[in-house]
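All remarks here apply to the structure that follows.
Counting begins at 1 with the first residue of the sequence.
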Amino acid sequence: MSSIAIYTSFLRAILGLVGVRPQSVEIEPGTIVHIWAPSETAKKTTNNLKQAENKPSKPAVVFLHGFGFNGILSWQFQVLALAKEYSVYVPDFLFFGGSITDRTERSPAFQAECMAKCLRKLGVEKCTLVGLSYGGMVGFKMAEMFPDLVDSFVVSCSVMALTESISRASLERIGFPSWVKHLVPDTVEGVKKIVDVSTYKSLWMPHFLYKDVFETAYNINRKERVELLDALIVKDEDFSLTSYPQVTINYTHTHTTS
């Protein structure tokens, strides 16, 4: 068993103590979203029927991860800090963690649709989104497509859409020829480069841990993740600025690209 698997088992026990547990939600036949959610929502997807008596009474906060680790490994500390006062939801995007689909769609809009449908099935009527990098782009789509669901949005290290010009400038700045070369590494050394680019200060980890991260987080669903990145790029002439009059958006910036 890898160190990541052992740590995830430990994390599951700790999160259970604060009332957050993993579950799988069927969006449609062939599409499953894995999500960490308040324990009282566990029965809400039985026969796809909503059970109002199980709806959490606290404000809902949804954390959307970047293009690296799954949801709970990305947001574990925020979940532990906020679970007492908020109903916290941490989904895995399709082809990350335990979320899968047999559909061929790879766009941020399809990710947004699946995340929104998952939240609806769990009884979420209004929520605050917190999106990091790729999660920020999906979050912008959720706010655009489901304005009745998204009440406010905190976004960090992200853009509304990854246009060709933004993509070229970003890749030149970090020194990679493509997003696939950066975010879908095929070696352990590639994972080390991601860490170097994505952290403000150098982060030392033993080689075995880098190896476990590679095998657990990056050496799975490689074909599908390449397709996700290909679908992320928007032609400059096809991008138009979207207004979000119903959503309060707070933007923060730190040094990361995942």
Side-chain angles (χ1 to χ4, degrees), residues 2 4-5 7-9 11-12 15-16 19-51 54-56 60-76 79 87-125 127 129-135 137-139 141-142 145-146 149-150 183-184 215-232:
S2 73
I4 302 298
Y7 180 73
T8 301
S9 297
L11 187 59
R12 178 171 182 155
L15 290 170
V20 178
R21 291 182 171 82
Q23 55 185 292
S24 295
V25 178
E26 184 179 58
I27 307 304
E28 60 186 41
T31 300
I32 303 291
V33 170
H34 181 267
I35 185 170
W36 292 74
S39 303
E40 60 265 35
T41 67
K43 297 180 180 179
K44 292 192 70 64
T45 55
T46 303
N47 298 322
N48 291 328
L49 295 176
K50 292 183 178 180
Q51 299 180 18
N54 288 331
K55 184 170 66 175
V61 178
V62 181
F63 288 98
L64 304 174
H65 64 84
F67 209 92
F69 280 126
N70 62 27
I72 202 61
L73 289 177
S74 300
W75 295 110
Q76 53 187 292
V79 173
S87 294
V88 179
Y89 298 82
V90 188
D92 293 334
F93 288 130
L94 299 172
F95 304 114
F96 294 84
S99 297
I100 58 170
T101 185
D102 59 7
R103 297 270 295 272
T104 59
E105 288 90 340
R106 300 291 184 261
S107 67
F110 183 59
Q111 293 274 24
E113 178 185 349
C114 291
M115 298 304 111
K117 288 182 176 179
C118 175
L119 293 170
R120 292 294 197 203
K121 285 177 176 285
L122 295 177
V124 178
E125 298 174 357
C127 68
L129 299 180
V130 182
L132 170 67
S133 191
Y134 179 70
M137 287 177 261
V138 175
K141 277 297 179 183
M142 290 178 68
M145 297 167 63
F146 304 96
L149 174 64
V150 181
L183 295 176
V184 190
E215 294 294 342
T216 304
Y218 291 101
N219 202 29
I220 56 173
N221 297 325
R222 297 180 60 84
K223 173 179 177 293
E224 291 82 3
R225 292 192 186 184
V226 169
E227 293 168 350
L228 289 175
L229 289 172
D230 288 342
L232 197 57

#### Entry: Side-chain donor-acceptor contact under 3.5 Å, Gln23 with Thr41
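A donor-acceptor contact under 3.5 Å links the two side chains.
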
Heavy atoms, side chains only, cut-off 4.5 Å: are [X] and [Y] in contact?
X	Y	answer
Glu224	Leu94	no
Val138	Phe93	yes
Val90	Ile35	no
Phe95	Arg222	no
Thr101	Cys114	no
Leu149	Met142	yes

#### Entry: Minimal non-hydrogen separation, Asp92 against Met115, with atom names
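Heavy atoms only, the tightest pair is O-CE, 3.7 Å.
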
### Message
To check you understand the geometry: which heavy-atom pair defines the closest contact between Leu64 and Pro91, and what is its length?
### Response
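Minimum heavy-atom contact is CD2-CG, 4.0 Å.
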
### Query
Do Ser99 side-chain atoms and His34 backbone N/O form a donor-acceptor pair below 3.5 Å?
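Flag set: sc Ser99 to bb His34 pair under 3.5 Å.
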
### Task
With Cys118 as reference, evaluate Val62, Val124, Val33 under the side-chain contact (heavy atoms from CB on, under 4.5 Å) test and give the passing residue.
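The residue from Val62, Val124, Val33 that satisfies side-chain contact (heavy atoms from CB on, under 4.5 Å) with Cys118 turns out to be Val33.
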
### Message
If the test is side-chain contact (heavy atoms from CB on, under 4.5 Å), which one of Leu228, Leu229, Val226 qualifies with Leu183?
### Response
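It is Leu229, the one option of Leu228, Leu229, Val226 that forms the side-chain contact (heavy atoms from CB on, under 4.5 Å) with Leu183.
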
### Task
Inspect the contact between Arg103 and Glu28 and indicate whether a charged nitrogen and a carboxylate oxygen are less than 4.0 angstrom apart.
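Yes, charged N to carboxylate O under 4.0 Å.
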
### Task
Identify which one of Trp36, Trp75, Phe96, Tyr89 satisfies the ring pair (Phe, Tyr, Trp, His ring centres under 6.0 Å) criterion when paired with His65.
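So, applying the ring pair (Phe, Tyr, Trp, His ring centres under 6.0 Å) to His65 and each of Trp36, Trp75, Phe96, Tyr89, only Phe96 qualifies.
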
### Task
Name the orientation class of the two ring planes belonging to Tyr134 and Phe67 (parallel below 30°, tilted from 30 to 60°, perpendicular beyond 60°).
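If you compare the ring of Tyr134 with that of Phe67, the planes turn out perpendicular.
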
#### Entry: Cation-pi check, Arg12 onto Tyr7 ring (under 6.0 Å, within 45° of axis)
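Not satisfied by the 6.0 Å and 45° rule.
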
